[in-house]
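In what follows, chains carry the letters A, B, and so on, assigned in the order in which the sequence lines appear, proteins first and then strands, with residues in each chain numbered from 1.
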Amino acid sequence: MADRLRSIAVALPPYIWLLAFFLAPFIIVLRMSFSESVIAQPPYSPTFDISQGLSGLWESVKEFSTFNYTFLAEDSLYWRAYLSSVRIAAISTVITLLIGFPMAYAMARAPLRWRPLLLALVILPFWTSFLIRVYAWIGILKRDGLLNQLLMSLGVITEPLTILNTEPAVFIGIVYAYLPFMVLPLYASLERQDPALLEAASDLGSPPWLAFWQITVRLAVPGILAGCLLVFIPAVGEFVIPNLLGGSSTLMIGQTLWDEFFSNRDWPLASAVAVILVLVLVVPITIFQRAQSRTTG
Amino acid sequence: MARFTRFNAVSLALGMAFLYLPIVLLIIFSFNESRLVTVWGGFSTKWYVELFRNQQLLDAARVSILVGLTTACIATVLGTLAAVALTRTARLPGRSLFTAMTYAPLVMPEVITGLSLLLLFVALGIDRGFWTITIAHTTFALCFVAVVVQSRLAAFDMSIEEAAQDLGAPPWKAFLLVTLPAIAPAVAAGWLLAFTLSLDDLVIASFTSGPGSTTLPMKIFSAVRLGVSPDINAACTILIGIVAVGVVAATFATGYRTRRAG
């Protein structure tokens, strides 16, 4: 009993903190998304009226307005933004996997004494600023940037390519920024594999490519899933990368939410955009969380 | 059988080049004499001098560092407690909600976290500034600390702490004197991670900051939108340098500890 009380006491401070600053804010966003914005008023006044107890709460529920959701459903801009976010995130995730898998595979095959160094090299960029790493690509990708200078001096192209402010620039940015998130779980699951399994497969007459596909890749599925979710979920709501590298030509929902909030100052509509974004991400986040608590908890 | 092939070496080298080339180029061009960012005009440190005359940027850096230090300390305490609770209490009431709340902020898009916290502060009538940014940063940083510490705690042999208790140490003392030193490298790594995450954050800070509390990333972001310029490269290089020194120090500290322990 004393043990039980003690463990509750240990859990209490972070529990209360997360309830207050993670869960409660979501409930407020949800409530706000059912409010109508009033012109020429602070757009944030109607939230919960707790002072009148339960009846007051019920009154505020009755005042719920689905105005924002109807508006979102009718304006095709938002649908296009959601779809294009999911599409851009999905394509970037596949490219990240194609680059990250050979890297993680090579790390897992590297001599034992190299591995800590290689691991540190993959983690290190994660410690440097995300904003700075994305910003560094502007100097590389712009029309008179380093990539075009290099390609022209090599004679590959005669006219500079327009890459910055296009969708491929967003792909490059996402793949680059999230690559460590893909490599680390892949490495963890590849390193754990017993090489004897591959030997057994070849003894039984399996060609190397088949053994690779049926053993190495299949056993790495949890790592592949974890890596893909770690890239895909934040990429859907990404704001910095499309803003700096994508320009006005790319439409992503994180950017739309930001504009709705800061430029149009329509807080209720921004809340509704956020609620739908969470709904879009609920399934992948649940899968991620299940996988996490299974491996560590 | 499991040999390191040439294909392995090439894919690893290309991957590493992809990860490091942009950062290296940025550092090189921060020492560029020319104002044109992509044309080399000779070595110069003049952009660094200019940077240290930029009072607004220095103020923003001060805010960022203060927020980062406060965040790192609170998040490390709360995150370590969360990690202990997650690894040791199977029958915590509302455990699945607790687990969900510790993992969800790791992947939640920043715009949503930022927006929801701002609405909370507005609903509570709290003026935005230093403390609202710090609370917001602590919320997501504590989850990262929890994950880092939890993995170390899972590998820790509980029987050692139980032995200390059998020898008469009260539970809190057994934890402080036996378990905590053993998981110290993870706690230190968690602190450093929380600090860099806070120092790095643009989106959540933009939502939760008030007048007079502009952070360095916010300042850099507004400058970057106007175009690439060498003084921003210089500011970025300094930030990269600070983080690199911190990471190297942390690596040495953990290496020293594990060697001594093993």
Side-chain angles (χ1 to χ4, degrees), chain A residues 6-7 10-11 13-15 17-18 21-26 28-29 32 44 47 99 102-103 106 109-110 121 124-125 127-133 135-140 144-146 179 195 198-199 233-234 237 239-240 244 254 257-258 261 270 274 277-278 285 288-289 292-293 296-297, chain B residues 1-2 4 8-9 11-12 15-16 18-19 22-23 25-26 29 37-38 78-79 81-82 84-86 88-89 92 98-105 107 109-112 115-117 119-120 122-123 135 139 142 150-151 154 171 196 200 202-203 217 220-221 224 228 236 239-240 243 247 251:
Chain A
R6 201 177 301 122
S7 58
V10 165
Y15 206 145
W17 184 284
L18 288 170
F21 298 118
F22 187 71
L23 198 62
F26 269 108
I28 294 177
V29 171
M32 177 73 87
Y44 41 80
T47 50
I99 297 175
M103 279 181 78
R109 290 275 169 279
L121 281 174
L124 194 64
W127 293 90
T128 63
S129 170
F130 184 85
L131 177 62
I132 292 173
R133 284 183 290 141
Y135 157 75
W137 280 96
I138 298 179
I140 298 174
D144 57 347
L146 295 163
L179 187 60
L198 288 177
E199 283 169 37
I233 301 169
F239 165 75
V240 176
L244 291 183
L257 197 160
W258 180 282
F261 196 86
L277 180 52
V278 171
I285 287 178
F288 169 79
Q289 189 223 324
Q292 274 289 306
S293 48
T296 50
Chain B
M1 183 67 200
F4 190 68
N8 291 153
S11 50
L12 202 51
M16 291 295 179
F18 178 56
L19 280 180
I23 301 176
L25 287 172
L26 186 123
F29 277 94
V37 204
T38 45
L78 291 174
L81 287 176
V84 173
L86 283 175
R88 294 191 179 172
T89 49
L92 187 70
F98 185 55
T99 317
M101 287 195 304
T102 0
Y103 288 119
V107 283
E110 291 173 308
V111 278
I112 296 181
L115 173 78
S116 63
L117 278 161
L119 295 186
L120 173 81
V122 170
I135 289 172
T139 305
L142 90 84
Q150 193 190 9
S151 62
T196 39
D200 190 22
L202 162 77
V203 176
I220 292 177
F221 184 64
V224 158
V228 191
C236 293
L239 258 183
I240 292 170
V243 171
V247 172
T251 315

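Using a 4.5 Å cut-off between heavy atoms, A/L257 touches chain B through its side chain atoms alone. With a 4.5 Å cut-off on non-hydrogen atoms, A/V240 touches chain B through its side chain but not through its backbone. In this structure, chain A has a heavy atom under 4.5 Å from the side chain of B/L25, while its backbone stays farther away. For A/F288, the part lying under 4.5 angstrom from a heavy atom of chain B is the side chain only. For B/L117, the parts lying near chain A are the backbone and the side chain together; criterion is any non-hydrogen pair under 4.5 Å. Using a 4.5 Å cut-off between heavy atoms, A/L121 contacts chain B through both its backbone and its side chain. Within the 4.5 angstrom heavy-atom criterion, atoms from both the backbone and the side chain of A/L131 approach chain B. In this structure, the portions of A/F21 lying under 4.5 Å from any heavy atom of chain B include both its backbone and its side chain.
A ring-ring contact (aromatic ring centres under 6.0 Å, His included) with B/F98 is found for exactly one of A/F22, A/W17, A/Y15, namely A/Y15.
Among the candidates A/V278, A/L124, A/L23, the residue making the largest number of heavy-atom pairs closer than 4.5 Å to chain B is A/L124. Ranked by heavy-atom pairs under 4.5 Å with chain B, the list A/A110, A/A106, A/P125, A/G237 is led by A/A106. Taking A/F239, A/W258, A/F26 one by one and counting their heavy-atom pairs under 4.5 Å with chain B, the maximum is reached by A/W258. Put simply, of B/A85, B/P105, B/P217, B/G15, the one with the most heavy-atom pairs under 4.5 Å next to chain A is B/P105. Top candidate by heavy-atom pairs under 4.5 Å with chain A, chosen from B/T139, B/V111, B/T196, is B/T139. In terms of non-hydrogen atom pairs under 4.5 Å with chain A, the most contact-rich of B/T102, B/I135, B/V203, B/L202 is B/I135. Heavy-atom pairs under 4.5 Å with chain A were tallied for B/A100, B/A82, B/G79, B/P22; the largest tally goes to B/P22.
A/R133 contributes atom CZ, which lies 8.5 Å from atom CG of B/L19 (distance to the nearest 0.5 angstrom). Going from atom CD1 of A/I132 over to atom CD1 of B/I240 covers 5.0 Å, rounded to the nearest 0.5 Å. Taken to the nearest 0.5 Å, the CG atom of B/L119 stands 4.5 Å off from the CE atom of A/M32.
With sequence neighbours excluded, no residue forms a side-chain hydrogen bond (donor to acceptor under 3.5 Å, both in side chains) with B/S116. Residues satisfying the side-chain hydrogen bond (donor to acceptor under 3.5 Å, both in side chains) criterion with A/S129, sequence neighbours excluded, are B/D200.
Closest approach of B/M16 to A/M103, counting heavy atoms only: N-CE, 4.1 Å. Residues B/P109 and A/I233 approach most closely at CG-O, 4.2 Å, considering heavy atoms. Of all the heavy atoms in A/I285 and B/V107, the pair that sits closest is CG1-CG2, 4.0 Å.
With contacts defined as side-chain heavy-atom distances shorter than 4.5 Å, the pair A/L146/B/F29 qualifies.
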